[in-house]
Amino acid sequence: MADCLNRTNAKIVTIEKDPKYIAVATQLIDEAELEETVELHEGEAELIIPMISKPFGLVFIDHWKNLYLKDLKLLEANKLLKKGTVVVADNVGIFKHDLQEYLAYVRNSGKYSSRYYPSSMEYNPNIEDGIEVSILL
């Protein structure tokens, strides 16, 4: 994804708080020579999101399931989503019970056009999963 964006002047902004994953991400970004394309922020999303100044065209949410809705609303409150922004929430099939509030919000708030796409777990094709793709109206 970053390699494709590298040709368009777009950036990937990612937030990570775990030092182990920060080290892995930094190494991968360096090895792929994508330092100009990938902006890695270290820390809690609730502290990082308000410091971001440019709105997103695409948001991929894949972290603690109980924070999906909170972080989406934080992105909204900080005006980081614009009309047409695509929000992709991962693992909403396997964690549908944990994500009930998130799914109800994107499907019923009137702010998004939202659709579920079934898939399988990335590490086990025998486990049903899915993503929710929501577009800000």
Side-chain angles (χ1 to χ4, degrees):
M1 188 179 355
D3 187 44
C4 290
L5 289 178
N6 201 18
R7 294 178 238 136
T8 66
N9 256 355
K11 286 192 179 245
I12 290 179
V13 176
T14 185
I15 301 170
E16 180 57 59
K17 71 174 192 171
D18 188 316
K20 176 176 68 175
Y21 294 124
I22 291 167
V24 170
T26 300
Q27 181 180 354
L28 291 172
I29 292 165
D30 290 347
E31 286 178 13
E33 298 178 351
L34 292 169
E35 300 89 346
E36 299 296 317
T37 306
V38 180
E39 189 176 300
L40 173 61
H41 292 273
E42 300 177 21
E44 299 279 343
E46 66 185 332
L47 300 175
I48 301 296
I49 289 172
M51 297 183 340
I52 297 171
S53 59
K54 291 185 180 178
F56 297 105
L58 171 71
V59 174
F60 181 73
I61 304 174
D62 184 20
H63 61 321
W64 296 107
K65 307 315 173 209
N66 64 323
L67 298 177
Y68 276 33
L69 182 57
K70 178 182 175 187
D71 289 345
L72 179 64
K73 288 184 174 182
L74 190 57
L75 289 164
E76 292 174 349
N78 284 277
K79 300 185 181 351
L80 294 173
L81 306 180
K82 57 189 178 194
K83 182 179 179 181
T85 295
V86 177
V87 179
V88 179
D90 199 19
N91 303 122
V92 300
I94 194 165
F95 292 106
K96 63 184 168 212
H97 297 294
D98 298 320
L99 293 168
Q100 286 178 359
E101 288 182 45
Y102 174 86
L103 293 171
Y105 181 77
V106 295
R107 293 173 180 171
N108 304 318
S109 68
K111 294 181 179 185
Y112 298 88
S113 171
S114 195
R115 183 172 174 194
Y116 175 77
Y117 292 89
S119 65
S120 59
M121 285 293 290
E122 58 267 35
Y123 303 111
N124 187 339
N126 298 319
I127 298 175
E128 292 181 18
D129 196 8
I131 60 170
E132 186 81 12
V133 178
S134 309
I135 301 170
L136 185 64
L137 301 173

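All residue numbers in this chain count up from 1 along the given sequence. In this text the structure is predicted, and so the values were computed from the model without any measurement.
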*Would you list the pairs meeting ring pair (Phe, Tyr, Trp, His ring centres under 6.0 Å) in which at least one residue belongs to residues 27-48, sequence neighbours left out?*
none

*Just grab all the ring pair (Phe, Tyr, Trp, His ring centres under 6.0 Å) pairs involving residues 118-137, residues at least two apart or on different chains.*
none

Minimum heavy-atom separation for [X] to [Y], with atom names?
X: G130; Y: Y116; answer: CA-OH, 3.5 Å
X: D90; Y: E122; answer: OD2-OE2, 4.4 Å
X: L74; Y: A45; answer: CD2-O, 4.0 Å
X: V92; Y: A89; answer: CG1-O, 3.6 Å
X: S134; Y: V106; answer: OG-CB, 3.5 Å

What is the distance from atom [atom1] of [X] to atom [atom2] of [Y], rounded to the nearest 0.5 Å?
X: Y112; Y: L72; atom1: OH; atom2: CG; result: 4.0 Å
X: I61; Y: L99; atom1: CD1; atom2: CG; result: 9.5 Å
X: L80; Y: D71; atom1: CG; atom2: CG; result: 11.5 Å
X: K65; Y: D98; atom1: NZ; atom2: CG; result: 9.0 Å
X: L40; Y: I12; atom1: CG; atom2: CD1; result: 11.5 Å
X: R115; Y: I135; atom1: CZ; atom2: CD1; result: 10.5 Å

*asked:* Using the salt bridge (Lys or Arg N to Asp or Glu O under 4.0 Å) criterion, which residues pair with E128? Sequence neighbours excluded.
replied: none

_Tell me if a side-chain donor or acceptor on D129 pairs with a main-chain N or O of G93 at a distance below 3.5 Å._
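Checked: pair present.
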
*Got a donor-acceptor contact below 3.5 angstrom from the T85 side chain to the K82 backbone?*
yes

*For K96, does the NZ atom sit with more than 12 other heavy atoms under 6.0 Å from it, leaving out its own atoms?*
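Atom NZ in K96 is not packed in, count stays at 12 or less.
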
*What pairs of residues pass the salt bridge (charged side-chain N to carboxylate O under 4.0 Å, His left out) test when at least one of them lies in residues 99-111, not counting sequence neighbours?*
E76-K111, R107-E132

*For residues M121 and N91, determine if any side-chain heavy atom of one lies less than 4.5 Å from a side-chain heavy atom of the other.*
yes

*Under 4.5 Å between any side-chain heavy atoms of L75 and V87, yes or no?*
no

*Looking at residues at least two apart in the chain, or sitting in another chain, which of them share a ring-ring contact (aromatic ring centres under 6.0 Å, His included) with Y68?*
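If we apply the ring-ring contact (aromatic ring centres under 6.0 Å, His included) test to Y68, skipping adjacent residues, the hits are H63, Y102.
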
_All side chain to side chain donor-acceptor pair (under 3.5 Å) counterparts of E31, not counting sequence neighbours_ =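 If we apply the side chain to side chain donor-acceptor pair (under 3.5 Å) test to E31, skipping adjacent residues, the hits are Q27.
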
